[in-house]
Peer 1: 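Pasting a structure below so you can have a look.
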Amino acid sequence: MSEKAGTSTSKALAIIEPDDSTGASGPTEPEQEPRFTRETLGVIAGAAGVLAVCLLATALVANGKANPSGDRTCLGPQMTIAVAPEAATAVRNILQDAGCSQMEVEATKADQVLHPLAVGGELPDVWIPDSSLWLDRVTPAEEPVKLRDSMASSPVVLVSGDGLARTSYSEAFAEDDLLLGDPQRMMSALGTVVAGQAKPGGEARLEPYAERIASGAEAAAPADSARLAELQTVMSGVTATSEQQWSTYAPMLKAAAPKEGTVVLDYPVLITADSSRRNAIASSITSFARVLDSRAADTALTQAGFRTNGAGKPSPNVGAFTRVDQATVARTAADWAAKLRPQRALAVVDVSGSMAWPSAPGSETTRLQLTQAAATEAVELLPGGAAIGLWAFSEETEGALGGDHTVLVPTRQLATNGQRAALSEEIAGLTARTGGGTALHDTALAAYQAAVASYDPLASNTVLLFTDGTNDDPDSMDLAELVRQLEAASDPSRPVRVLGIGITADADLGALQAIADATGGEAYVAERPEDVGSVLREALGQR
């Protein structure tokens, strides 16, 4: 805010009132936004008392900025601030110039915060991601408090390497060398997906792109800076990136805001510390808010290539732009996240003595061999972004497993070096582990508890339970007790499904269905030997 606000109470309230206006297409420039919401001031009031709020409100009412007179006092205890990597240096410099040495800025990718945010892990005190849409990816264990709707903004633009501006996604999709980012990790790539779903043939163009991202390969979707560097090197190609990244890494290349409308990165400021921690750092939060609302902060952010409310436009910039309808953007982001949501599966394989029996009368193929073949195929075909682990189980006999179950391969991404090979080797070695009874109940509970404990909020979390029989471990709990304990172990913030896969009609479908029902999963039975592979593919959502 560059204009001075009035001093009346009504004008002060107007300054802190949240802006609810969201149109199908926004203005050519981001409109001035209120610095603080009523909720924010309520949090600060409860944590730091009326005095802190009065100081903050006085600064806001005076001119919408921190005191420009040279008073750089920055009060409060140590505080950590996680910032999207492209904005971290600017925020760090702003705080250093303001004398806020107690505030540590960490360049942090969104998924580094989303994981602990969903499962109640250790979080920074304040988080500034590149987009408010990230919060739609998870259900937070404790809802963050919005300190500011937008610290700065940057529209997604089309950048070309051949010296000719591309002013629409239609032109970009016509290029053979269209370079794309990963909207799972880079919101700047989301504009391409929005445009692709809105245009005939666009979504088909994105299919191989989605497959590359799902592969888990690091080079499948290079970061903005890497794509821009490639455009400069080969002097051809088109990519979508934020205006800020273009102005930072490749301002000599041609850039334009797509005429169909564009996604805008909005850099919200969120208090992610829990309620007790907020009380302890309330004075630091107040200091941070005042510094962030200074003319010096606006100037520094603008010089770093961002757009702000009070310090003019970044140079270079693409000029006017139109926002894509926010509801469309949010819907597309959710669709794309579901489309590329990776599997995280713990495969738990029955190696009781009956798994060495023929899969059908007269067959030379055992039940375990069918299971091994299906599991091996899945390991080979699943994309690198999928994470798979392997357990084996049977009633403890002759030390074959050293217990009712054993962890053969920890759950890791298939793209992890050596993971596919380790899984294939251990699957092949299951034959040597057969013997004893079926310790189904104890193992099902242990596997479910382990999967809940290692839950990944950005993945589809499952336990794949393979068995050909019924529980015959005399020392284990009965089915009713197992269901009770599964329900007690479930956590709505960490949903894990058990997918029971019965091998032949001898499998206890009733038990598998009860286990699945208790966890929101499904039960399947491969009654014929040739069904095992297709049943597993169905359970994994493959065809």
Side-chain angles (χ1 to χ4, degrees), residues 21-27 30 84 109-111 114 118 129-140 149-150 153-159 166-175 178-215 220-224 227 238-245 256-268 318 321-342 383 385 457-460 541:
S21 60
T22 53
S25 62
K109 296 179 180 179
D111 56 356
L114 291 175
D130 63 355
S131 173
S132 53
L133 289 172
W134 287 119
L135 287 176
D136 295 337
R137 294 284 175 91
V138 301
T139 300
D149 290 333
S150 176
S153 64
S154 188
V156 173
V157 300
L158 294 172
V159 183
R166 305 302 192 278
T167 60
S168 74
Y169 276 107
S170 295
E171 294 178 276
F173 274 98
E175 300 289 336
L178 174 63
L179 303 180
L180 302 172
D182 178 1
Q184 291 287 87
R185 295 175 176 83
M186 299 170 246
M187 276 299 172
S188 60
L190 189 62
T192 308
V193 179
V194 173
Q197 293 192 343
K199 293 187 174 300
E203 192 162 5
R205 178 74 187 271
L206 294 176
E207 285 300 325
Y209 161 47
E211 292 174 6
R212 290 200 306 273
I213 294 174
S215 73
D224 291 338
R227 298 197 312 280
V238 179
T239 194
T241 183
S242 72
E243 180 186 65
Q244 187 272 336
Q245 289 286 278
K259 62 185 180 184
E260 303 98 327
T262 191
V263 173
V264 179
L265 308 187
D266 55 359
Y267 297 91
V318 298
F321 62 86
T322 301
R323 293 174 184 260
V324 173
D325 171 52
Q326 188 64 14
T328 300
V329 176
R331 184 170 59 253
T332 303
D335 290 347
W336 190 259
K339 183 186 185 74
L340 289 181
R341 193 171 179 84
L458 300 181
S460 176

Peer 1: How long is the span from the CZ atom in Arg331 to the CG atom in Asp325, to the nearest 0.5 Å?
Peer 2: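 It is 7.0 Å, given to the nearest 0.5 Å.
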
Peer 1: If every non-hydrogen atom of Met187 is compared with every non-hydrogen atom of Arg137, which pair is closest and at what distance?
Peer 2: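 In this case the closest contact between Met187 and Arg137 is CE-NH2, 4.0 Å.
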
Peer 1: Are Leu133 and Val329 packed together at the side-chain level, in the sense that at least one heavy-atom pair is separated by less than 4.5 angstrom?
Peer 2: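 Sidechains of Val329 and Leu133: in contact.
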
Peer 1: Tell me the closest heavy-atom pair linking Ser242 and Ser188, and the distance in Å.
Peer 2: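 That closest heavy-atom pairing would be N-CB, 3.9 Å.
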
Peer 1: Side chains of Leu180 and Thr239, heavy atoms from C-beta outward: is any pair under 4.5 Å?
Peer 2: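 No, every pair of side-chain atoms sits at 4.5 Å or beyond.
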
Peer 1: Would you mind reporting whether Arg227 and Thr241 have side-chain heavy atoms less than 4.5 Å apart?
Peer 2: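 A side-chain contact exists here, since the closest heavy-atom pair is under 4.5 Å.
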
Peer 1: Can you tell me how far the CD atom of Glu243 sits from the CG atom of Leu265, to the nearest 0.5 Å?
Peer 2: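 Answer rounded to 0.5 Å: 10.5 Å.
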
Peer 1: Counting C-beta onward and ignoring hydrogens, is there a side-chain heavy-atom pair between Thr262 and Val157 closer than 4.5 Å?
Peer 2: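 Heavy-atom side-chain distance check fails, nothing below 4.5 Å.
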
Peer 1: So which atom in Ala240 and which in Leu158 form the shortest heavy-atom distance, rounded to 0.1 Å?
Peer 2: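 Minimum heavy-atom separation between Ala240 and Leu158: CB-CD2, 4.2 Å.
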
Peer 1: Shortest non-hydrogen contact from Pro457 to Arg341?
Peer 2: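 So the two residues come closest at O-NH2, 3.1 Å.
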
Peer 1: Under the side chain to side chain donor-acceptor pair (under 3.5 Å) criterion, do Ser132 and Asp266 qualify, and how do the steps go?
Peer 2: CA-CA 7 Å; Ser132 53; Asp266 55 359; 2.7 Å; yes

Peer 1: Quick check: do Ser168 and Pro258 have side-chain heavy atoms less than 4.5 Å from each other?
Peer 2: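 Contact flag for Ser168/Pro258 side chains = no.
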
Peer 1: Would a 4.5 Å heavy-atom cut-off, applied to side chains only, mark Val264 and Phe321 as touching?
Peer 2: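 The answer is yes; the side chains approach within 4.5 Å.
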
Peer 1: Does some side-chain heavy atom of Ser170 sit less than 4.5 Å from a side-chain heavy atom of Glu260?
Peer 2: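 Touching, per the 4.5 Å side-chain cut-off.
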
Peer 1: Do Pro268 and Pro129 have side chains that get closer than 4.5 Å, going by heavy atoms?
Peer 2: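 Side-chain contact under 4.5 Å: yes.
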
Peer 1: Mind checking what makes side-chain contact (heavy atoms from CB on, under 4.5 Å) contact with Ala334, not counting sequence neighbours?
Peer 2: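 By the side-chain contact (heavy atoms from CB on, under 4.5 Å) rule, Ala334 matches no residue at all.
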
Peer 1: Suppose we screen for side-chain contact (heavy atoms from CB on, under 4.5 Å). Which residues come up paired with Lys109, at least two apart in sequence or across chains?
Peer 2: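 side-chain contact (heavy atoms from CB on, under 4.5 Å) check on Lys109 returns Pro85, Asp111, Gln112.
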
Peer 1: Checking side-chain contact (heavy atoms from CB on, under 4.5 Å) for the pair Val238/Val159: CA distance, chi angles, key distance, verdict?
Peer 2: CA-CA 6 Å; Val238 179; Val159 183; over 6 Å; no

Peer 1: When you measure from the side chain of Glu175 to the backbone of Ala172, do you find a donor-acceptor pair of N or O atoms at a distance under 3.5 Å?
Peer 2: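 Answer holds: no.
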
